[in-house]
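Single-structure report; data block below.
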Amino acid sequence: MKKLLIFALFILSISLPLLGQTENTPDSTVAATVNGDVIYMDTFLSKVLPSYTEISKSIEAIDPMFSDILLNSEAGQRLLEEYEKRSLEILIEETLLMQYAESKGIKVDTASLRMTVNKSITDTLAEMNINKSDADLFYILRGYIDGLSSYEAKVVRDLAYKEALNTLYAAITGDLTVSEEEIAQFYQANASRYSVAEEKISIKLLQFDSFSEAYTAWKAASRDSNPMTVLDTFPDVQNKALTRAEVEGLNPDLVKSLFKTTRGELLSSVVTLGNKYAVIYLISYSPAGVKHLQEVSAEIENILLGEKKSMIWKLWQEQEFKPFKEAAIITRYYEN
C-alpha cells in the first residue's frame with residue numbers, strides 16, 4: 001500500500017505539463033468554457049489523470065526506459081501535452097453535443113442521475129463493508145484527485161452524455177425503415193454471401209489438460225439456464241467454426257452430436273478433442289447449399305438499417321453539428 005501511495009502522489013504531483021500554466025489564467029479552476037458553460041479543471045483532471053495513472057503503471061512494467069523518456073524528457077512532455085489537449089477537445093465536443101440536444105428539447109435529468117449513482121456507490125460500499133476514507137484513498141490512487149467525489153462526478157457526467165447522445169441518435173435515425181424490395185435487392189447482389197459450400201458448425205470451446213478441470217467447467221455451465229454465458233467467463237474460451245472434415249479429424253464420434261439443427265445447446269458431457277478434454281457449446285449448424293431469403297431477411301434488414309443510420313448520422317454531423325460547433329464560443333485554459 002505504501003508503494004502505491006508514493007506512486008500515486010508522484011503521478012498527481014506531475015499534474016500534467018500544461019496544468020502548471022493555469023496559475024496565469026483568470027480562473028485556474030476552469031479548463032474551458034463552451035458557450036458560457038464551464039468545464040471545470042476537476043472534470044478535466046478526472047478524465048486525464050486516471051488514464052495517466054494506468055498508462056504509467058503499464059509502461060513502467062513493460063519498459064522502464066520508455067517510461068523514463070515519457071515522464072522525464074522534452075519529447076515525452078510534448079506527447080503528454082498533445083494527449084492533454086485532445087482529451088480536453090473530447091470534453092468540449094461532448095459539452096457541445098449536450099447543448100445541441102438541449103436546444104432540440106432533449107434535456108437530461110442530471111439531478112436524478114446523481115442520486116442514482118450516489119445510491120449505487122453508497123450501497124456498494126455498505127455491502128462490501130468499506131468506509132468512505134478507504135474508498136477515497138482507492139480512487140485517489142487511481143488518479144481521482146478528490147477521491148470518491150471526483151469519481152462520482154465523472155460517472156454522472158459520462159452517463160448524462162451517453163443519455164443525450166443515445167436520445168439524439170434515436171431522434172435523428174429512429175424513423176428509418178427498410179423495404180422488402182431493398183432486402184431482396186441486397187440478397188440478389190450478395191448471393192455468394194448466403195451460400196454454404198460445406199457443412200459448418202459454430203461452437204464455443206473450452207479445452208483442458210485434465211478431465212477434472214473440464215468436468216468442473218461443464219458442471220457449472222450445465223447448471224445455468226444459459227450455459228454459453230458461463231463459458232464466456234473463462235478467458236481462454238474460443239469461438240470456432242469447423243467443417244465436418246475438421247471434426248472427423250479431431251474426433252469422428254462427435255460428428256453426430258454436432259452436425260444437426262439446433263437453437264444452441266451444451267453437449268451432454270465432457271468430450272475429447274484432439275489430445276485435450278473439451279467442453280463444447282453448439283451455437284449453430286449451417287448445412288451446405290444456399291440459404292433462402294426468408295432465412296436471412298432479418299439479418300439483411302439489420303445490415304441495411306445500420307448502413308442507413310450510419311449515413312444519416314454522418315450527414316447530421318456534417319450539416320448540423322459541424323456548423324453548430326464552428327459557431328460556438330469556446331475558450332481553453334492553455335490559450336490564455
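Values in this document were obtained by computation on a predicted structure and should not be read as measured data.
Between atom CG of residue Asn239 and atom OH of residue Tyr281 there is a gap of 12.0 Å, rounded to the nearest 0.5 Å. Leu282 CG to Lys260 NZ: the interatomic distance, rounded to the nearest 0.5 Å, is 7.0 Å. Put simply, CG on Asp134 and OH on Tyr139 are 12.5 Å apart, with the number rounded to the nearest 0.5 Å. Here the straight-line distance linking atom CG of Leu137 with atom CZ of Arg142 works out to 12.5 Å at 0.5 Å rounding. With values rounded to the nearest 0.5 angstrom, Glu301 atom CD is found 9.5 Å from Glu180 atom CD. The line from CZ of Phe186 to CG of Leu293 is 11.5 Å long, rounded to the nearest 0.5 Å.
Counting heavy atoms from C-beta outward, Glu102 and Val108 have side chains that stay 4.5 Å or more apart. For the pair Ile201 and Ser284, the minimum side-chain heavy-atom distance is 4.5 Å or more. Counting heavy atoms from C-beta outward, Thr229 and Asn226 have side chains that approach closer than 4.5 Å. Counting heavy atoms from C-beta outward, Thr262 and Glu265 have side chains that approach closer than 4.5 Å. Inter-residue side-chain proximity for Tyr215 and Ser210 is flagged as unmet; no heavy-atom pair is nearer than 4.5 Å.
Ile203 and Leu231 fall into different hydrophobic clusters, where Ile, Leu, Val, Met, Phe, Trp and Tyr are joined by side-chain heavy atoms under 4.5 Å apart, directly or via other members. Each of Ile280 and Val237 belongs to its own hydrophobic cluster when Ile, Leu, Val, Met, Phe, Trp and Tyr are linked at side-chain heavy-atom distances under 4.5 angstrom. Hydrophobic clustering of Ile, Leu, Val, Met, Phe, Trp and Tyr side chains at less than 4.5 Å, counting indirect connections, keeps Ile283 apart from Val247. Leu176 and Trp313 fall within a single hydrophobic cluster, where Ile, Leu, Val, Met, Phe, Trp and Tyr side chains are chained together by heavy-atom contacts under 4.5 Å. By the criterion of side-chain heavy atoms lying less than 4.5 angstrom apart, applied directly or through intervening Ile, Leu, Val, Met, Phe, Trp or Tyr residues, Met115 is not grouped with Ile121; the two fall into different hydrophobic clusters.
Atom CD of Glu326 has more than 12 neighbouring heavy atoms from other residues, nucleotides or ligands inside a 6.0 Å radius. By the 6.0 Å contact criterion, CG on Asp175 is open, its count of non-hydrogen atoms from other residues, nucleotides or ligands being 12 or less. Within 6.0 Å of CD in Glu295 there are more than 12 heavy atoms belonging to other residues, nucleotides or ligands. Atom CG of Asp123 is surrounded by more than 12 heavy atoms from other residues, nucleotides or ligands within 6.0 Å. Crowding of Lys308 atom NZ: a count of heavy atoms from other residues, nucleotides or ligands under 6.0 Å exceeding 12. Counted within 6.0 Å of CZ on Phe259, heavy atoms from surrounding residues, nucleotides or ligands total more than 12; the atom is thus considered enclosed.
Nearest heavy atom pair, residue Leu96 against residue Ala328, reads CD2-CB, 3.6 Å. The two residues Thr272 and Asn251 make their nearest non-hydrogen contact at O-ND2, 2.8 Å. The two atoms that bring Leu125 and Ala135 nearest to each other are CD2-CB, 3.9 Å, heavy atoms only. The two residues Glu320 and Tyr100 come nearest to each other via the heavy atoms OE1-OH, 3.5 Å. Scanning all heavy atoms of the two residues, the minimum distance from Ser268 to Trp218 falls at O-CZ2, 3.0 Å. Smallest separation of non-hydrogen atoms from Ser257 and Leu267: O-CD2, 4.1 Å.
When atom types are taken as modelled, the side chain of Thr33 and the backbone of Gly36 share no donor-acceptor pair closer than 3.5 angstrom. The main-chain N or O of Asp109 is never found under 3.5 Å from a side-chain atom of Ser112 such that the two would form a donor-acceptor pair. In this structure, the side chain of Ser310 does not engage the main chain of Gly306 through any donor-acceptor pair within 3.5 Å. Between the side chain of Glu198 and the backbone N or O of Pro287, no donor-acceptor pair lies under 3.5 Å. Looking at Gln188, its side chain never comes within 3.5 Å of a backbone N or O of Gln185 through a donor-acceptor pair. Put simply, the side chain of Ser149 gets close to the backbone of Asp146: a donor and an acceptor are under 3.5 Å apart. Put simply, the side chain of Asn190 never gets that close to the backbone of Arg193: no donor and acceptor are under 3.5 Å apart. For Ser56 (side chain) and Tyr52 (main-chain N/O), a donor-acceptor pair under 3.5 Å exists by modelled atom type. Gln77 contributes a side-chain N or O that, together with a main-chain N or O of Leu71, makes up a donor-acceptor pair within less than 3.5 Å.
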CA sep, side-chain torsions, deciding dist, call: Asp136, Lys132, salt bridge (Lys or Arg N to Asp or Glu O under 4.0 Å): CA-CA 6 Å; Asp136 278 331; Lys132 187 178 182 302; 2.9 Å; yes
Worked check of side chain to side chain donor-acceptor pair (under 3.5 Å) between Thr124 and Glu127: CA-CA 5 Å; Thr124 300; Glu127 288 173 11; 5.3 Å; no
Steps toward side chain to side chain contact (heavy atoms under 4.5 Å, CB included) verdict (Thr243, Glu199): CA-CA 6 Å; Thr243 64; Glu199 286 180 291; over 6 Å; no
Pair Lys240-Lys204, side chain to side chain contact (heavy atoms under 4.5 Å, CB included): steps then yes or no: CA-CA 6 Å; Lys240 278 187 168 291; Lys204 281 194 179 290; over 6 Å; no
Full working for salt bridge (Lys or Arg N to Asp or Glu O under 4.0 Å) between Glu81 and Lys85: CA-CA 6 Å; Glu81 288 171 10; Lys85 288 180 179 180; 5.7 Å; no
Side chain to side chain contact (heavy atoms under 4.5 Å, CB included) assessment of Asp42 paired with Ile145: CA-CA 8 Å; Asp42 283 351; Ile145 286 182; 5.8 Å; no
Trace of the side chain to side chain contact (heavy atoms under 4.5 Å, CB included) decision for Val30 with Met41: CA-CA 5 Å; Val30 175; Met41 195 60 72; over 6 Å; no
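Two rings, from Phe208 and Tyr277, have their centers 6.0 Å or more apart.
Remark: Phe66 engages no residue in a ring pair (Phe, Tyr, Trp, His ring centres under 6.0 Å) (not counting sequence neighbours). Partners of Lys219 under the side-chain hydrogen bond (donor to acceptor under 3.5 Å, both in side chains) rule, at least two apart in sequence or in another chain, do not exist in this structure. Applying the side-chain hydrogen bond (donor to acceptor under 3.5 Å, both in side chains) criterion to Glu54, with sequence neighbours excluded, gives Lys57.
For the salt bridge (Lys or Arg N to Asp or Glu O under 4.0 Å) with Lys325, the lone residue among Glu318, Glu93, Glu89 that qualifies is Glu93.
Geometric assessment of Lys200 against the ring of Tyr285 yields a negative cation-pi assignment under the 6.0 Å and 45° thresholds.
Salt-bridge formation is not detected for the pair Glu82/Arg78: no Lys NZ or Arg NE/NH1/NH2 atom is positioned less than 4.0 Å from an Asp or Glu carboxylate oxygen.
For Thr95 and Arg157, the side-chain atoms include at least one donor-acceptor pair closer than 3.5 Å. Counted by atom type alone, Thr216 and Glu213 present zero donor-acceptor pairs between their side chains at under 3.5 Å. No side-chain donor from either of Trp316 and Tyr169 sits under 3.5 Å from a side-chain acceptor of the other.
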